[in-house]
Amino acid sequence: MNVMLLGAPGAGKGTQAAKIIEAYGLPHISTGDILRKAVADQTPLGIEAKRYMDAGELVPDSVVIGLVKERLSQPDTDVGFILDGFPRTVVQADALGEVLVELGKELTAVVSIDVDKQSLIARLTARRTCGACGAIFNVIVRPELLDGVCPTCGGALNQRDDDTVETVTNRLNVYERSTAPLIDYYAEKGVLRHVDGNQDVGDVWTAVDSILKG
Ligand code: AP5
Ligand code: MG
């Protein structure tokens with residue numbers, strides 16, 4: 001099963017990817033996570049990517065296309081994969097199409113998680129991520145986690161550097177300009193499915209899973 005999660009920043013792509021991993025054990029290909037690891041490791045890629053990410057801008061297409069191409073050619077993706085945060089532009093979507101043809105793979109479903117803009121801003125500024133296990137939380141839904149301790153593993157909960165109000169505003173503008181056109185792009189290919197992401201996490205998952213079950 002080859003799944004793509006589309007949606008604005010804060011729509012719940014990472015949250016739903018975790019549910020898909022739990023249910024189906026597919027490898028998670030999140031370009032944001034790959035880039036954040038490179039930033040943390042201070043690799044040349046991370047040093048280049050950081051200035052774009054901190055500003056809420058997209059990292060150049062050539063850089064992320066190269067990363068995904070390499071990742072998709074690894075053997076663990078033979079059972080399927082979850083693409084999260086890629087593609088983000090029509091150029092990336094076209095490149096992905098070519099890579100999939102080369103690898104003899106096809107997308108099973110492109111799931112668009114649709115959420116109102118006001119909720120996106122609230123969610124992103126309320127997000128906490130565990131530095132140890134990667135679990136994602138919303139401290140509006142779970143205010144007890146403002147103590148900064150991960151309830152899953154006891155690790156420290158962090159705020160992402162790009163979750164400030166200023167950077168979030170730009171990320172949402174960049175999404176509208178560069179990424180939202182992919183909704184029509186995949187609708188025209190006949191693989192797009194919509195999910196109402198304004199519901200609670202469990203109800204969004206029920207909708208996503210029913211699409212995956214076909
Ligand atoms: P990336 O990491 O991909 O960030 P993003 O797309 O902005 O999306 P987020 O991770 O912020 O949101 P999400 O949809 O995963 O939501 P989550 O589940 O965490 O990219 C970061 C940066 O990297 C980019 O700005 C760019 O610079 C660069 N980059 C990455 N990919 C790139 C590419 N392909 N090309 C170029 N540059 C690239 O949930 C958010 C919050 O909401 C959490 O608090 C969560 O608990 C909560 N939540 C989730 N679902 C619900 C719900 N149903 N109800 C209530 N709260 C919920
Ligand atoms: Mg994410």
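Each ligand, and each atom within it, is numbered from 1 in the order the structure gives. Computed from a predicted model, the values in this text were never measured in an experiment.
- Counting only distance, with no hydrogens or angles, the side chain of Gln159 and the backbone of Thr125 share a donor-acceptor pair below 3.5 Å.
- For atom 56 (N) of ligand 1, the nearest protein heavy atom (residue, atom name, distance) is Asn138 ND2, 3.1 Å.
- Distances below 4.0 Å separate heavy atoms of Phe137 from the following atoms of ligand 1: 43 (C), 44 (O), 46 (O).
- In the candidate list Arg123, Lys13, Gln16, Arg123 is nearest to atom 54 (N) of ligand 1, counting heavy atoms.
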Tyr175 and Asn170: CA distance, side-chain angles, deciding distance, side-chain hydrogen bond (donor to acceptor under 3.5 Å, both in side chains) verdict: CA-CA 8 Å; Tyr175 171 79; Asn170 194 40; over 6 Å; no
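- Contacts between Val201 and ligand 1 below 4.0 angstrom, taking non-hydrogen atoms only, involve backbone and side chain alike.
- Of all atoms in ligand 1, numbered sequentially from 1 with element shown, those under 4.0 Å from a heavy atom of Asp200 are 53 (N).
- Close approach of ligand 1 to Pro9 is summarised as follows: ligand atoms under 4.0 Å from at least one heavy atom of the residue are 5 (P), 7 (O), 8 (O), 12 (O).
- Which parts of ligand 1 touch Glu57 is read off a 4.0 Å heavy-atom cut-off, strictly below it: atoms 26 (C), 27 (O).
- Remark: Asp209 does not engage Lys19 in a salt bridge, criterion side-chain N to carboxylate O under 4.0 Å.
- For ligand 1, the polar-atom distance check finds no N/O of Asp162 at less than 3.5 Å from any of the ligand's N/O atoms.
- Side-chain contact of Asn2 with Glu106: a donor-acceptor pair under 3.5 Å is absent, judged by distance alone.
- Considering backbone and side-chain N/O atoms, Gly85 comes within less than 3.5 Å of an N/O atom of ligand 1.
- Annotation for ligand 1: atoms under 4.0 Å from non-hydrogen atoms of Thr15 are 17 (P), 18 (O), 39 (O), 45 (C), 49 (C).
- Looking at Arg123 and Val115, their side chains come closer than 4.5 Å, going by heavy atoms from C-beta outward.
- With Met53, Gln199, Gln92, Lys50 as candidates, the residue nearest to atom 22 (C) of ligand 1 on a non-hydrogen basis is Met53.
- Salt bridge annotation for Asp163-Arg171: present, with a cationic side-chain nitrogen under 4.0 angstrom from a carboxylate oxygen.
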Criterion side-chain hydrogen bond (donor to acceptor under 3.5 Å, both in side chains) on Asp162 and Tyr52, from CA distance to verdict: CA-CA 10 Å; Asp162 60 350; Tyr52 296 100; over 6 Å; no
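- Residue Val64 places no N or O, backbone or side chain, under 3.5 Å from any N or O of ligand 1.
- Looking at ligand 1, you'll find an N or O of Thr31 within less than 3.5 Å of one of its N or O atoms.
- For ligand 1, one of its N or O atoms has an N or O atom of Ala11 under 3.5 Å away.
- Looking at heavy atoms from C-beta onward, Val64 lies out of side-chain contact with Leu58 at the 4.5 angstrom threshold.
- Annotation for ligand 1: atoms under 4.0 Å from non-hydrogen atoms of Ala8 are 14 (O).
- Proximity of a side-chain donor or acceptor of Ser30 to a complementary backbone N or O of Asp33 within less than 3.5 Å is detected.
- Residue contacts with ligand 1, taken as heavy atom pairs separated by less than 4.0 Å, involve Arg36 solely via side-chain atoms from C-beta onward.
- The two residues Val111 and Ile211 come nearest to each other via the heavy atoms CG2-CG2, 4.2 Å.
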Asp114 and Ser112: CA distance, side-chain angles, deciding distance, side-chain hydrogen bond (donor to acceptor under 3.5 Å, both in side chains) verdict: CA-CA 6 Å; Asp114 307 328; Ser112 172; 2.7 Å; yes
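- Nearest non-hydrogen protein atom to atom 37 (N) of ligand 1 is Val59 N, 3.0 Å.
- Close contacts between ligand 1 and Gly14 involve ligand atoms 13 (P), 15 (O), 18 (O) [criterion: under 4.0 Å to a heavy atom].
- Backbone and side-chain nitrogen or oxygen atoms of Tyr52 are examined, and none is located within less than 3.5 angstrom of a nitrogen or oxygen of ligand 1.
- Using a 4.0 Å cut-off between charged side-chain N and carboxylate O, Asp184 and Lys189 make no salt bridge.
- At least one N or O atom of Arg88 sits closer than 3.5 Å to an N or O atom of ligand 1.
- Across Val39, Leu45, Val59, Leu35, a single residue satisfies side chain to side chain contact (heavy atoms under 4.5 Å, CB included) together with Lys50, and that is Val39.
- Checked against a 3.5 angstrom limit, the closest N/O atoms of Gly10 and ligand 1 fall inside it.
- Every atom of ligand 1 with a heavy atom of Leu124 under 4.0 Å away is listed here by number and element: 11 (O).
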